[in-house]
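Heavy-atom basis, side chains included; hydrogens, waters and symmetry copies ignored. Just so you know, ligand 1 is whichever comes first in the structure, and atom 1 is the first atom listed for that ligand.
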Amino acid sequence: MPSTGCSRRDAKAIRYVEAVTTSTDAAPAPTGPRAAGIHWDLSPLVADADEARRRLDAGLERARAFESRYRGAFETIDAPGLAEALEELAAIDNELSRVGSYVNLRESVDVNAQENKDLSAAVDRALVEAANALRFFDLEWIALPEERARELYDAPEVARDRHYLIALRRFAPHTLSEPEERMLAERGPAAVSAWQTLFGRITSTLEVPFDAGDGPEPHTIDRLLAHVRDPDRDLRRRALEALYEGLAPHADTLAHSYDTLVGDRLAMDRLRHYSSPMEPTHLRNELPGEVVDRMLDAVERHYAIAHRWFEVKAGILGLERLELHDQYAPVGEFRAVDYPEARRLIDESFGRFSPRVSGIAGGFFDERRVDAEPRAGKRGGAFCAPVAQDASPYILMNFTDRMNDVMTLAHELGHGMHFTLASEEQTALSAGTGIALAEVPSTFAELLAFDHLMAVETDPATRQALVAERVEGSFATVFRQTVLTRYEQRAYALREEGAALTPDRLSDIWFEENAKYYGESILLPEGYRLGWSYIPHFISTRFYTYAYVFAHLATLALYARYRERGEAFVGHYLAFLAAGGSMAPTELLGALGVDLDDPGVWEAGFAEMERMVDEAEAG
Ligand SMILES: [Zn+2]
């Protein structure tokens with residue numbers, strides 16, 4: 001399906017599917033351990049569950065009214081008329097996003113409450129219905145002849161949503177007639193979703209008996225993988241062995257699911273006149289294919305940076321050479337940090353960059369838009385919810401009193417910075433960025449925090465842990481996701497040549513692409529041949545992984561510019577955040593001096609990675 005104006009709403013709905021209950025506590029007391037009492041206050045969004053239902057119904061009603069008013073209107077609409085329609089669309093987006101986010105946030109801190117589950121189901125239904133009611137608008141807009149469309153999108157009345165309007169049309173050459181699109185949509189559940197569900201069932205229910213020290217217990221894939229960060233080398237090795245053993249009986253089914261999906265995607269590409277398997281992804285990311293190709297080549301040329309780190313790490317661990325199960329072995333140790341200290345460190349890190357940025361972060365704390373205390377029924381991990389263009393973003397995290405929580409907080413506040421500034425200047429339709437740039441502000445904020453911590457932290461074990469996490473985080477994003485992309489490229493090429501994607505063939509190309517990365521510096525066990533089999537991205541969204549590479553390298557390039565230009569860079573960076581999704585990534589980065597047409601554009605990013613390894617080597 002072409003991306004539609006509804007995709008932002010859908011993406012939000014997906015992102016916030018897990019959330020929980022309004023805290024009725026009084027203002028946060030001074031915190032004890034684990035950010036005790038730091039709960040968010042959702043009341044500025046929506047008063048309570050009843051109001052949420054009322055507003056959901058009203059939003060849905062408005063979407064239906066929009067449909068009756070504007071269906072067929074593109075025949076005659078003029079620029080002021082289009083501006084009015086866009087304004088109403090933005091208002092509907094705001095309303096549904098606000099209520100949807102409120103419900104998902106409630107649920108994320110009390111996942112077991114029945115009322116939250118009911119509300120959440122009501123939101124899901126309403127969002128699907130609203131998307132159905134509004135879909136015509138994008139389709140009719142896409143179907144307009146270019147000349148007529150240009151007249152409209154070039155009009156000053158719609159200037160704020162010009163890029164949004166143009167970007168919607170990028171899928172026009174690949175969109176079929178309405179009955180054809182409907183037929184394809186109807187067969188989706190059997191042709192696509194069923195295989196994804198089968199894959200999901202196998203990988204999420206797979207359990208292997210494993211003894212992590214307290215006797216054999218059933219271990220899921222995630223639980224086994226968590227052991228790769230254990231200090232006990234033997235445990236790490238055994239966990240990976242158990243994983244591959246557990247996967248082996250399912251390899252045929254997992255490969256067949258992938259083979260079927262790849263075959264279907266290639267068939268759809270022919271129907272939709274795509275020239276390469278990566279083209280739909282490039283279009284979605286708004287990135288030119290040549291830029292991505294050059295980037296992947298450049299990453300491969302720099303695998304040696306990783307080899308150097310693997311050797312440094314082997315030295316730290318007192319090993320001759322790393323084996324795969326040593327890749328994420330812990331190095332150093334994060335010292336304890338309580339919540340008030342974390343807040344102070346964030347304030348200093350961001351304050352050094354810009355008072356505006358630390359002010360925005362301060363707003364999250366002062367207005368109780370952070371939920372930090374881990375507790376029963378709260379979901380794990382961390383996220384920042386944009387909520388709506390006319391509302392403020394919220395952050396969920398699980399604070400455990402360790403220094404790496406500061407990095408998590410910095411990451412989420414980086415997203416928060418982006419959402420806050422973009423909302424100030426953009427409409428609801430143009431505020432959101434695509435996935436190519438979404439992780440840039442968060443990664444940039446982590447780098448700000450990292451540099452500050454390295455400047456002030458005196459505990460050697462914490463410094464070592466910070467550097468290792470920084471380096472390994474970069475490698476897992478830049479290098480490893482490139483390996484994943486290369487693997488996918490080869491799988492699609494094989495399938496296009498008519499070769500079925502059997503477990504053996506997939507294992508061969510997987511192992512070859514990984515061997516290029518790890519080289520001589522990490523020994524890969526035979527079982528790792530099945531490493532491709534449980535990775536969800538391949539199944540859910542093809543070539544999704546290169547967007548991570550792009551965002552990370554773009555951030556490193558931006559950070560290098562900041563290092564070089566200092567103060568002079570800050571205003572441009574804030575303008576970049578405020579631009580939201582109102583321009584294509586190439587334009588947004590170009591304005592900051594990162595020229596994607598320059599073949600050497602990524603060198604500054606790799607130099608940053610070299611610098612991190614130097615820092616690690618220096619200890
Ligand atoms: Zn993020």
Side-chain angles (χ1 to χ4, degrees), residues 7-8 10-19 40 97 101 104-105 108 284-285 287 342 346 349-350 353 357 360-361 364 369-372 378-388 392-400 404-423 431-451 466 469-478 480-481 484 536-537 540-541 544-559 573 576-581 585 588-589 605:
S7 63
R8 239 190 102 218
D10 297 346
K12 272 185 201 163
I14 291 162
R15 214 159 356 139
Y16 309 130
V17 153
E18 310 99 320
W40 54 36
S97 295
S101 299
N104 290 319
L105 290 171
S108 64
R284 197 191 59 213
N285 294 342
L287 288 175
I346 288 289
S349 304
F350 292 174
F353 181 72
V357 162
I360 293 172
F364 275 86
R369 287 189 278 113
V370 181
D371 198 295
K378 176 171 167 176
R379 77 165 264 208
F383 64 80
C384 179
V387 181
S392 295
Y394 279 69
I395 287 173
L396 175 141
M397 71 171 303
N398 287 275
F399 196 85
T400 58
N404 45 337
D405 295 324
V406 178
M407 300 305 286
T408 305
L409 197 49
H411 179 104
E412 300 310 336
L413 284 165
H415 285 305
M417 225 70 71
H418 198 196
F419 298 147
T420 305
L421 290 171
S423 288
T433 342
I435 59 168
L437 292 180
E439 291 301 330
V440 168
S442 48
T443 311
F444 193 90
E446 277 189 57
L447 292 172
L448 288 174
F450 174 75
D451 267 2
L466 277 168
E469 191 160 283
R470 188 79 256 134
V471 168
E472 289 176 358
S474 282
F475 290 3
T477 311
V478 173
R480 199 175 135 74
Q481 303 300 329
L484 265 51
H537 293 97
S540 62
T541 318
Y544 189 92
T545 58
Y546 85 67
Y548 294 126
V549 184
F550 180 86
H552 203 93
L553 281 176
T555 312
L556 291 173
L558 291 178
Y559 205 77
Y573 183 72
F576 157 77
L577 295 183
L588 288 165
L589 291 173

Asker: In terms of side-chain heavy atoms, does Glu439 have a donor or acceptor partner in Ser442 at a distance below 3.5 Å?
Answerer: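 Yes, Ser442 and Glu439 have a side-chain donor paired with an acceptor closer than 3.5 Å.
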Asker: Using a distance threshold of 2.8 Å, state whether an N, O or S atom of Cys384 lies below it from the Zn ion (ligand 1).
Answerer: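 Short answer: no, not a single N, O or S atom is under the cut-off.
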Asker: At their closest point, which heavy atom of Ala554 faces which heavy atom of Leu589, and how far apart are they?
Answerer: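 Scanning both residues, the minimum pair turns out to be CB-CD1, 4.1 Å.
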Asker: Any side-chain heavy atom of Leu577 within less than 4.5 Å of one from Val440?
Answerer: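 The answer is no; the side chains never approach within 4.5 Å.
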Asker: Regarding Glu412, does it place an N, O or S atom less than 2.8 Å from the Zn ion (ligand 1)?
Answerer: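 Checking Glu412: none of its N, O or S atoms is under 2.8 Å.
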Asker: Where the Zn ion (ligand 1) is the corner point, what angle links OE2 of Glu439 with NE2 of His411, to 10°?
Answerer: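 Taking the Zn ion (ligand 1) as the apex, the two atoms subtend 140°.
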Asker: For Arg470 and Met407, work out which heavy atoms get closest and say how close.
Answerer: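 Distance-wise, the nearest heavy atoms are NH1-CE, 3.7 Å.
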Asker: Tell me, which N, O or S atom in His415 is closest to the Zn ion (ligand 1)?
Answerer: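 The His415 atom nearest to the Zn ion (ligand 1), restricting to N, O or S, is NE2.
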